[in-house]
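Note sheet for the following structure.
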Amino acid sequence: MNHKTWICLFLMIVTFAVYRQVSHHEFVSYDDRLYVTENPQVKAGLTRESILWAFTAMHAGNWHPLTWLSHMLDVEMFGLNSRWHHLINLLFHVAGTGLLFFLLSRMTGAVWPSLFVAALFALHPLHVESVAWAAERKDVLSAFFWMLTLISYHEYVKHPGRVRYLVTLCAFVLGLMSKPMLVTLPFVLFLLDYWPLGRLRPRREPGPQAAGPNSLCWRLILEKIPFLALSFASGIITLYAQQEVRAVASLKNVPLIFRAVNVLWAYVVYLGRMIWPLHLAVIYPLPATLTVLQGLTAVLLLGAISFLVIRTARRHPYFLVGWLWSLVTLVPVIGLVQVGLQAVADRYTYIPLIGLFIMIAWGAWLIAGRGRSYSVAVTVLAFFILSAFGARTWIQLSYWQNSITLFSHAIDAVPDNYVAHQNLGTNLVEIGRLDEAVYHYSQVLRVWADDPDALIGMGNALARQGKLHEAVHYSARAVQVKPDSADAHFNLGFVFMEQGKVDQAIEHYSEGLRLDPGHADIQLEVGVALGRQGKLDESIKHFSEALRIKPDFPEGHYSLGAALARQGKYDESIQYFSEALRIKPDFPEARLGLEAAAQRKKKLSEE
């Protein structure tokens with residue numbers, strides 16, 4: 001092996017060592033349930049039905065079949081063991097790091113700047129989110145194919161041919177099928193044509209092979225048309241998918257002038273966090289206001305940097321390429337089309353930061369070339385920066401060990417982080433820490449008094465505390481604020497059930513089912529309510545439907561077993577009680593039900 005291979009291997013080992021703690025992390029509640037742990041198609045593994053679903057579904061507001069197949073393959077091989085899901089993410093990150101070093105060193109011939117870029121990519125704390133979050137498999141997977149596309153493109157440029165061109169195009173398609181953020185990659189190909197590939201310089205050889213600047217430019221444009229067409233198609237599909245799940249904010253909710261200032265300010269925020277990556281969080285909610293001063297500051301800073309890189313482009317083209325790489329690759333997620341509640345997100349920097357890293361690395365190399373003392377100083381500083389980033393990444397990774405630590409840190413990092421308060425409250429309810437959950441829901445409602453999710457959560461927590469009058473107030477308010485929310489109706493129905501108002505509970509459960517027929521929890525609770533009215537046949541139908549929607553639903557198996565036992569069908573009830581215990585061994589009600597059904601069956605057989 002040559003020295004570059006050893007360098008690359010060392011970098012990959014260091015990256016793995018820094019990130020290895022992810023193998024001990026749990027899944028988190030934020031999107032991991034949507035993508036893996038509560039996604040029935042993914043949990044089924046690689047079946048014909050799930051594969052078809054992967055290519056046709058717009059689930060989670062995206063069309064990324066390769067990402068779904070990747071999650072399904074994990075489940076097929078490792079089940080729902082979070083250790084392996086996280087390790088696969090890490091392996092893709094390690095592989096992407098190695099490919100980035102290989103790509104830059106091959107394109108430029110400069111080993112040490114290429115190593116610095118790859119090391120920054122590997123160890124920067126802003127990239128923790130993409131690696132440590134199981135649901136962000138799409139980031140590391142798409143980046144892997146991004147690197148493969150650029151490597152294939154470089155091979156095609158060195159040795160033009162139809163096969164190499166098609167390989168490059170195929171790698172790009174696989175990247176788009178992993179995450180649509182790759183729609184900007186064709187523009188990066190143009191940048192690489194400028195530097196380091198130097199394809200925008202006209203050929204000097206005489207004769208018919210010579211190409212003038214205009215004809216050369218057109219040839220390069222025509223070469224990119226299939227890539228641009230695929231990017232356009234992916235963008236249209238993504239917009240459709242996000243509209244389907246109502247993820248795109250309207251201009252009424254997020255006005256155009258607010259978006260414009262947020263876009264400009266977001267670039268500044270990303271620059272600042274690249275330099276000083278502290279107080280990082282899983283979510284940075286949109287601020288209530290943005291000032292004109294923020295917009296003007298952003299315009300001046302971005303304009304000044306752009307002026308400088310353009311002015312030095314002839315002598316130092318890597319500054320222009322790196323700057324435009326970062327600006328362009330952030331466009332799909334910068335907020336022009338506002339999706340979700342976040343103002344910015346660490347994961348959005350995974351590919352864009354490479355451009356800034358190129359500027360830093362080649363700028364440092366330029367300084368190091370001035371003499372031995374400069375070279376030593378740059379080397380020492382680079383080592384210090386990488387060590388600091390590596391240490392910070394290790395600390396940032398620790399916050400991802402479970403949902404409680406993740407959202408607790410997000411609250412500490414970002415004042416008035418109502419999204420983190422909301423998610424932490426939900427997780428605290430699940431483990432029975434109700435007083436703490438009520439506090440966090442109150443913090444959300446302090447910022448957004450009519451937040452329906454917080455109202456639902458508050459009503460649920462208060463109902464579990466036995467404070468039913470207060471629970472009705474919050475739950476009814478949630479229905480009033482968001483009448484088309486199945487969860488709001490479900491929660492109000494649950495509170496009425498706790499009050500013994502079965503008819504009113506069924507009314508809201510029924511409305512919830514009308515809004516969302518595939519809501520397994522509502523199907524279960526309707527069955528419970530009907531069972532209290534003695535309508536066992538109807539109750540059993542709803543329990544069965546809940547299990548059809550959610551086959552590994554322990555409460556569904558238990559409830560169906562209890563209903564069948566009431567009908568004297570002990571053999572069937574024993575099967576359902578046993579299945580509930582198989583899924584959830586620590587389920588005392590199911591164990592008692594199983595024992596009681598077995599005793600009654602034995603008594604009947606003796607009679």
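In this chain, residues are counted from 1 in sequence order. Because the structure is predicted, anything quoted here is derived from the model rather than measured. Just the heavy atoms: all of them, side chains too, but no hydrogens, waters or symmetry mates, feed the values below.
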Do [Y] and [X] have ring centroids that are under 6.0 Å from one another?
X	Y	value
Phe407	His440	no
Phe577	Tyr558	yes
Trp400	His86	no
Trp133	Tyr30	yes

- Item | Mutual orientation of the aromatic rings belonging to Phe490 and Tyr509 [parallel < 30°, tilted 30-60°, perpendicular > 60°] | tilted

Any donor-acceptor N/O pair, [X] side chain to [Y] backbone, under 3.5 Å:
X	Y	result
Arg20	Ala17	yes
Ser326	Leu356	yes
Gln401	Ser398	yes
His557	Pro551	yes
Asp451	Leu445	no
Asp516	Gly512	no
Gln422	Ala454	yes

Can you name the closest pair of heavy atoms from [X] and [Y] and give their distance?
X	Y	value
Val481	Asp450	CG1-O, 3.3 Å
Ala343	Asn262	O-ND2, 3.7 Å
Thr349	His127	O-NE2, 3.3 Å
Ser234	Leu176	OG-CD2, 3.8 Å
Ser130	Val140	O-CG1, 3.7 Å

Contact check, side chains of [X] and [Y], non-hydrogen atoms, under 4.5 Å:
X	Y	value
Leu126	Phe389	no
Met181	Pro352	yes
Ser403	Ser29	yes
Val447	Pro285	no

Nearest 0.5 angstrom please: [X] [atom1] to [Y] [atom2], how far?
X	Y	atom1	atom2	value
Ser578	Ile583	OG	CD1	11.0 Å
Trp325	Ile354	CH2	CD1	5.0 Å
Cys8	Ile13	SG	CD1	10.0 Å
Asp74	Ser82	CG	OG	11.5 Å
His409	Leu280	NE2	CG	6.5 Å
Leu424	Ile404	CG	CD1	5.5 Å

Less than 3.5 Å apart, any donor N or O on the side chain of [X] or [Y] sitting next to an acceptor on the other?
X	Y	answer
Tyr284	Asp346	yes
Gln342	Tyr348	yes
Asn417	Gln443	no
Thr405	Asn402	yes
His519	Asp487	yes

Around atom [atom1] of [X], are there more than 12 heavy atoms from other residues, nucleotides or ligands closer than 6.0 Å?
X	atom1	result
Tyr576	OH	no
Asp586	CG	no
Lys43	NZ	yes
Trp394	CH2	yes
Phe232	CZ	no

- Note on the structure: Per side chain to side chain donor-acceptor pair (under 3.5 Å), Ser70 is matched among Lys138, His85, Arg137 by Arg137

- Identify whether the distance between the nearest side-chain nitrogen and carboxylate oxygen of Arg273 and Glu129 falls below 4.0 Å.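 No, Arg273 and Glu129 are not salt-bridged.
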
- Message: Pair Ser231, Leu185 - check side-chain contact (heavy atoms from CB on, under 4.5 Å), show working.
- Response: CA-CA 8 Å; Ser231 289; Leu185 192 145; over 6 Å; no

- Task: List the steps and the verdict of side-chain contact (heavy atoms from CB on, under 4.5 Å) for Asn39 and Trp68.
- Result: CA-CA 10 Å; Asn39 186 317; Trp68 291 127; 3.7 Å; yes

- Take Phe121 and His93, measure what ring-ring contact (aromatic ring centres under 6.0 Å, His included) needs, and give me the verdict at the end. CA-CA 9 Å; Phe121 174 81; His93 179 60; 5.5 Å; yes

